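As the structure is a prediction and not an experimental result, all values here were calculated from the model.
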Amino acid sequence: MSCAAGAVALLAALTACGGGTPQRAAQAPPARPASGAPGTTAAAAPAAQDRTAAWAKWGLKQLPAAPPPPTDKPVKLPATGPVPVFSEVPTGDKVVFITIDDGAEKDPKFVEMATDLKVPFSMFLTRDIVRGDYGYFKPLQALGNRIHNHSTDHPAMSKLSADRQKAEVCDAQSALTQQYGTPPLLFRPPYGDGAHTPALNTAVRECGPRAVVLWRESMQIHDMQYQAADKKLRPGDIILAHFRGPKDLKGETMTKMFGELLSRIQEQGFAVGRLEDYIAAG
């Protein structure tokens, strides 16, 4: 039962015996929380059970709850001028951020999984990879997961002329804005190539995104690759994954890969935050 439904049921129970006329309850002792825990409402226990069941459905242990988004956003993007490049978010919260690239795999089971678990992630889509089925990503977007720019056809950007780099960013920016209604705020160059070059910075700035986003870890089929020598997550790390299926994952599904990613995060005691909640766009 949802929190809203529980509240309605509780209200009905309190008013039904009065024949429509509220009764004074000054002499009645306060009701105890259903679970016996301080601050627990009658609806909280069923809601928690629903969340636990959703994770169990996918054979996973539930992640810790993400902290509230910070009021003072630690990543501040300027409205004009060169765009920043970052691969982690400065935060003391024990939280990491999931990003998913490209868009080749369009597994409906992953939409079901994302809907059940409600783990936030950011999508960096490549226009020529997704344009055959833009609609697949709209239910994922409707869950609050924002869509960002990952180029037009996934080239190594530094190998292109300045004009071609600009076309790669601008053409994808226009198509993704038209399809999803919101201009991508961020750009990720394929392979991370050219991220710190002036030509790419200019192309990104002139086409609309306000930052170039890289990563600290990348998810493989069953495990992650770490840039840190100790192979551990750190607060604010950005993790790279891909929309990929059995052809690219040696027979494994997108949902299996994503479940393994969540397990690696859970094992280290991290929550997953929404990247955009930590960003202030100028």
Can you confirm whether [X] sits close enough to [Y] that some side-chain heavy atom of one is under 4.5 Å from a side-chain heavy atom of the other?
X	Y	result
S158	L200	no
M123	L140	yes
D223	R264	yes
D102	F243	no
W58	L262	no
T126	S151	yes
L77	V83	no
P120	I98	no

What pair of heavy atoms forms the shortest contact from [X] to [Y], and how long is it?
X	Y	value
L185	A281	CD1-CB, 3.9 Å
R51	L117	NH2-O, 2.9 Å
Y191	A156	CE1-N, 4.0 Å

Would you say [Y] ends up clustered with [X] if hydrophobic residues are merged whenever their side chains have heavy atoms under 4.5 Å apart, either directly or through other cluster members?
X	Y	value
L275	Y180	no
V96	I279	no
W215	V204	yes
M254	V119	yes
I147	I100	yes

Filter on disulfide bond (SG atoms under 2.5 Å apart), then keep only pairs touching [range], sequence neighbours left out; what's left?
range	answer
residues 223-274	none
residues 208-269	none
residues 240-282	none
residues 132-231	C170-C207

Atom [atom1] in [X], atom [atom2] in [Y]: separation rounded to 0.5 Å?
X	Y	atom1	atom2	value
D237	M224	CG	CE	9.0 Å
N145	F121	CG	CZ	4.0 Å
R244	D101	CZ	CG	8.5 Å
R210	F187	CZ	CZ	14.0 Å
H150	R188	NE2	CZ	7.0 Å
K159	D193	NZ	CG	6.5 Å

Using the test ring pair (Phe, Tyr, Trp, His ring centres under 6.0 Å), find all partners of F86 that sit at least two apart in sequence or belong to another chain.
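Partners of F86 under the ring pair (Phe, Tyr, Trp, His ring centres under 6.0 Å) test: none.
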
Name all residues meeting the ring pair (Phe, Tyr, Trp, His ring centres under 6.0 Å) criterion together with H242; count only those two or more places apart in sequence or in a different chain, and write none if there are none.
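With sequence neighbours excluded, H242 shows a ring pair (Phe, Tyr, Trp, His ring centres under 6.0 Å) to no residue whatsoever.
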
Could you walk me through whether F97 and E88 satisfy the side chain to side chain contact (heavy atoms under 4.5 Å, CB included) test, starting with their C-alpha distance in whole Å, then the side-chain angles of each, then the deciding distance to 0.1 Å, before giving a yes or no?
CA-CA 9 Å; F97 307 97; E88 66 275 322; over 6 Å; no

Should E276 and R146 count as an ion pair when the cut-off is N to O under 4.0 Å?
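Between R146 and E276 there is no salt bridge, as every charged N stays at least 4.0 Å from the carboxylate O atoms.
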
Judged by atom type as modelled, is there a donor-acceptor pair below 3.5 Å linking the side chain of Q225 to the main-chain atoms of S218?
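Looks like no, no N/O pair under 3.5 Å.
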
From E260, K256, E252, residue fulfilling side chain to side chain contact (heavy atoms under 4.5 Å, CB included) relative to I221:
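Looking at E260, K256, E252, the match for I221 under the side chain to side chain contact (heavy atoms under 4.5 Å, CB included) is E252.
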
[X]: side-chain contact (heavy atoms from CB on, under 4.5 Å) partners, not counting sequence neighbours:
X	value
K57	E112, D116
T152	R127, D128, E168, D171, A172
Q268	Y226, K232, L233, F270
A228	D230, R234

Side-chain atoms of residues 61-75: list all donor-acceptor pairs with protein atoms under 3.5 Å, sequence neighbours left out, distances to 0.1 Å.
residue: D72; atom: OD1; partner: K76; partner atom: NZ; Å: 2.8
residue: K73; atom: NZ; partner: P70; partner atom: O; Å: 2.9
residue: K73; atom: NZ; partner: D277; partner atom: O; Å: 2.9

Going by side-chain hydrogen bond (donor to acceptor under 3.5 Å, both in side chains), name the pairs with one or both residues in residues 130-142, residues two or more places apart or in two chains.
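Every pair satisfying side-chain hydrogen bond (donor to acceptor under 3.5 Å, both in side chains) with a residue in residues 130-142: there are none.
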
